[in-house]
Asker: 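Okay, here's the structure, questions in a sec.
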Amino acid sequence: MGILVNIHPSMGAPIVDALRRLAPDETVWAHRDEAPADAVEAMLAWSLKPGTLPAYPQLKLLCAPSAGVDKLVSVPDLPPDLPVARTVDPQQHVEIAQYVVGTTLRHTREFALFAEQQRRGEWLRRPVRASAQCRVGLLGLGAVGRFVAGALQAIGYPVAGWSRSPKAIEGVTTHSGDGGLAHLLAHSDILVCALPLTDGTRDLLDRRTLSLLPQGAYLINVGRGEQVVDADLLALLDSGHLAGAALDVLREEPPRPGDPLWNHAKVFGTPHIAAQASPETIARQCLDNLQRVRAGQPVLNRVDLAQGY
């Protein structure tokens with residue numbers, strides 16, 4: 001019995017190495033074609049195609065190498081009693097907050113403009129945009145969202161937040177429900193999406209909702225690409241209603257050749273690098289949960305399949 005790392009070798013190899021280093025007595029397979037189907041006890045995967053899971057009759061644990069699990073829980077043949085565990089790395093909160101703070105400063109301090117001026121050999125000073133006058137609206141008030149809120153507040157940005165259900169966070173004005181979302185959007189100069197992908201958040205940021213943002217607002221998405229309707233975002237950028245967007249996650253990664261997201265002047269795109277759990281953290285949490293399954297104990301960081309996260 002052993003663990004199958006069902007991840008492309010470019011990303012999976014460091015995890016395989018970490019598993020073998022931390023648990024030399026465990027059998028770890030790096031490829032599906034080398035793993036006997038009836039010997040796979042645990043699987044690590046980013047995503048799965050329908051028909052994959054039924055091929056492994058002894059599978060007792062499915063692990064995601066990230067906090068996001070939408071591409072696993074959406075598989076139609078996922079057994080409802082199969083434990084699905086996400087990876088929780090406290091350092092990811094720090095990294096995501098760094099990304100949000102960095103892109104917020106890039107926008108409000110106009111670093112891209114000054115880089116272009118430097119390229120042209122121009123020395124033109126502009127007034128600094130006061131952080132206290134730039135309202136940040138944060139979608140998602142889980143552990144990541146709370147950390148992001150604190151990081152932004154520490155450098156002077158007023159932060160309000162929205163979540164599906166009511167939450168109370170000291171120092172943060174919080175909203176919930178449809179009415180709360182509309183209010184938050186209307187009062188956000190920068191909108192940060194840090195939501196998990198669920199049926200309720202898919203396509204949440206479309207023309208209707210993004211149009212509720214004030215003229216000249218800026219979008220930062222570190223949630224999931226499927227939460228933004230790309231065509232609607234591009235239309236609002238082209239019309240001038242939105243000043244720009246920083247997108248670390250996209251509906252299709254990477255975008256297809258010719259996709260306007262590649263070259264749009266108002267889009268700052270990064271290849272899903274805002275935060276990544278270390279191979280050691282992924283391996284250790286998978287091994288810990290495998291031991292818990294074997295001992296009949298509850299799985300840590302188990303995904304609520306009904307909620308989707």
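The first residue in the sequence is number 1, and the count goes up from there.
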Asker: List the atom of Arg302, the atom of Asp81, and the distance in Å for their closest heavy-atom pair.
Answerer: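 The pair with the smallest heavy-atom distance is NH2-O, 3.7 Å.
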Asker: Only one of Leu247, Val228, Asn221 clears side-chain contact (heavy atoms from CB on, under 4.5 Å) with Cys193; which?
Answerer: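 Answer to the side-chain contact (heavy atoms from CB on, under 4.5 Å) test with Cys193 among Leu247, Val228, Asn221: Asn221.
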Asker: Have Ser239 and His241 got a donor and an acceptor in their side chains that come within less than 3.5 Å?
Answerer: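 The criterion, which ignores hydrogens and geometry beyond distance, is not satisfied for His241 and Ser239.
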Asker: Could you state whether Val75 and Leu197 fall into the same hydrophobic cluster, counting links through intermediate Ile, Leu, Val, Met, Phe, Trp or Tyr residues with side-chain heavy atoms under 4.5 angstrom apart?
Answerer: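 Per the 4.5 Å side-chain linkage, Val75 and Leu197 are not co-clustered.
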Asker: Can you find a pair of side-chain heavy atoms, one from Thr198 and one from Asp70, that are under 4.5 Å apart?
Answerer: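 No. Closest side-chain heavy atoms not under 4.5 Å.
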Asker: Given side chains that start at C-beta, do those of Pro83 and Lys60 come closer than 4.5 Å, heavy atoms only?
Answerer: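 No, side chains not in contact.
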Asker: Please say yes or no: joined through hydrophobic side-chain contacts below 4.5 Å, possibly via intermediate residues, are Leu290 and Leu300 part of one cluster?
Answerer: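 No: no chain of side-chain contacts under 4.5 Å links Leu290 to Leu300.
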Asker: Quick check: does any side chain N or O of Lys266 sit under 3.5 Å from a backbone N or O of Ala243, one acting as donor and the other as acceptor?
Answerer: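 Answer holds: no.
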Asker: Evaluate the side-chain proximity of Cys134 to Asp189: yes if any heavy-atom separation is below 4.5 Å, no if none is.
Answerer: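 Answer yes - side chains close enough.
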Asker: Under the side-chain contact (heavy atoms from CB on, under 4.5 Å) rule, what do Gln227 and Asp203 come out as? Steps first, then yes or no, please.
Answerer: CA-CA 4 Å; Gln227 291 158 345; Asp203 299 329; over 6 Å; no
Asker: Quick check on the hydrophobic clustering: are Ile282 and Val28 connected, directly or via other members, by side-chain heavy-atom contacts under 4.5 Å?
Answerer: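 Cluster IDs for Ile282 and Val28 match.
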Asker: Taking the side chain from Glu34 and the backbone from Ala30, do they hold a donor-acceptor pair closer than 3.5 Å?
Answerer: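 Here the side-chain-to-backbone pair exists.
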Asker: Provide the closest heavy-atom pair for Thr27 versus Met1 in the form atom of the first, atom of the second, distance.
Answerer: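 Scanning both residues completely, I find the closest heavy atoms to be CB-O, 3.8 Å.
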Asker: On a heavy-atom basis, which atom in Arg32 and which in Tyr56 lie closest, and how many Å separate them?
Answerer: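 Closest approach of Arg32 to Tyr56: NE-OH, 3.1 Å.
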Asker: Within the side chain of Asp206, is there an N or O that forms a donor-acceptor pair under 3.5 Å with the backbone of Thr209?
Answerer: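 Yes; judged by distance alone, with no hydrogens or angles, the pair exists.
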Asker: What distance do Leu205 atom CG and Leu181 atom CG have between them, rounded to the nearest 0.5 Å?
Answerer: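 Leu205 CG to Leu181 CG: 8.0 Å, rounded to 0.5 Å.
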Asker: Indicate yes or no: at least one non-hydrogen side-chain atom of Arg135 is less than 4.5 angstrom from one of Pro214.
Answerer: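 They are in side-chain contact.
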Asker: Any Lys/Arg nitrogen of Arg126 or Glu110 sitting under 4.0 Å from an Asp/Glu carboxylate oxygen of the other?
Answerer: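 Counted as a salt bridge, because a side-chain N and a carboxylate O are separated by less than 4.0 Å.
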Asker: Assess, by modelled atom type and distance only, whether the side chains of Gln307 and Arg164 contain a donor and an acceptor separated by less than 3.5 Å.
Answerer: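 Yes, a side-chain donor-acceptor pair sits under 3.5 Å.
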Asker: Can you check whether Ser176 reaches Ser165 side chain to side chain, under 4.5 Å on heavy atoms?
Answerer: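 When only atoms from C-beta onward are counted, Ser165 and Ser176 do not touch, as no gap falls below 4.5 Å.
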Asker: Excluding sequence neighbours, so at least two apart, what forms side chain to side chain donor-acceptor pair (under 3.5 Å) with Asp238?
Answerer: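 With sequence neighbours excluded, Asp238 shows a side chain to side chain donor-acceptor pair (under 3.5 Å) to His264, given in chain and number order.
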Asker: If you link I, L, V, M, F, W and Y whenever their side-chain heavy atoms are under 4.5 Å apart, who else ends up in the same group as Ile96?
Answerer: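 Members alongside Ile96: Tyr99, Val100, Val101, Leu105, Phe111, Val136, Leu138, Leu141, Val144, Val148, Leu152, Ile155, Tyr157, Val159, Ile169, Val172, Ile190, Val192, Tyr218, Ile220, Val222, Phe268, Ile273.
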Asker: Tell me whether Glu226 is salt-bridged to Lys71, with the criterion being a basic N under 4.0 Å from an acidic carboxylate O.
Answerer: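 The answer is yes: the pair qualifies as a salt bridge.
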Asker: Salt-bridged, Arg284 to Asp89, with N to O below 4.0 Å?
Answerer: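 No, no charged N to carboxylate O under 4.0 Å.
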Asker: Answer yes or no: is there an ion pair linking Arg21 with Glu26, defined by an N-O contact shorter than 4.0 Å?
Answerer: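 Salt bridge absent between Arg21 and Glu26.
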Asker: Please examine the side chains of Met43 and Leu59, heavy atoms only from C-beta on, and report whether any two atoms are closer than 4.5 Å.
Answerer: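 The answer is yes; the side chains approach within 4.5 Å.
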Asker: I'd like to know if the side chain of Asn301 reaches the main chain of Ala85, judged simply by a donor and an acceptor atom lying under 3.5 Å from each other, with no hydrogens or angles considered.
Answerer: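 A pair under 3.5 Å: no.
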Asker: Measure from the side-chain N and O atoms of Gln215 to the backbone N and O of Leu242, and report whether any donor-acceptor pair falls under 3.5 Å.
Answerer: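 Looks like no, no N/O pair under 3.5 Å.
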Asker: Answer yes or no: is there a side-chain heavy-atom contact under 4.5 Å between Ser188 and Leu185?
Answerer: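 No, their side chains stay 4.5 Å or more apart.
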Asker: Test Arg20 against Asp25 for salt bridge (Lys or Arg N to Asp or Glu O under 4.0 Å), laying out the working first.
Answerer: CA-CA 8 Å; Arg20 290 172 175 168; Asp25 294 333; over 6 Å; no
Asker: Checking the side chain of Asp248 only, and the main-chain atoms of Ala274 only, is there a donor and an acceptor separated by less than 3.5 Å?
Answerer: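 Pair found, side chain donor or acceptor close to backbone of Ala274.
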Asker: Report yes if some heavy atom in the side chain of Val40 is under 4.5 Å from a heavy atom in the side chain of Gln58; otherwise report no.
Answerer: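 Contact flag for Val40/Gln58 side chains = no.
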Asker: Of all the heavy-atom pairs spanning Pro14 and Pro9, show the shortest one and how long it is.
Answerer: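 Scanning both residues, the minimum pair turns out to be CD-O, 4.4 Å.
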Asker: Leu44 and Val16: same hydrophobic cluster, using ILVMFWY side-chain contacts below 4.5 Å?
Answerer: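 Yes, Leu44 and Val16 fall within the same hydrophobic cluster.
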Asker: Which residues, ordered by chain and number, are linked to Val128 in its hydrophobic cluster, where ILVMFWY side chains connect at heavy-atom gaps below 4.5 Å, directly or through other members?
Answerer: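 Grouped by the 4.5 Å side-chain rule, Val128 forms a cluster of one, so the answer is none.
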Asker: Should Arg129 and His107 be marked as a side-chain contact (heavy atoms from CB on, under 4.5 Å) after you check the CA-CA gap, both sets of side-chain angles, and the distance that decides it?
Answerer: CA-CA 10 Å; Arg129 185 174 181 181; His107 169 60; 3.5 Å; yes
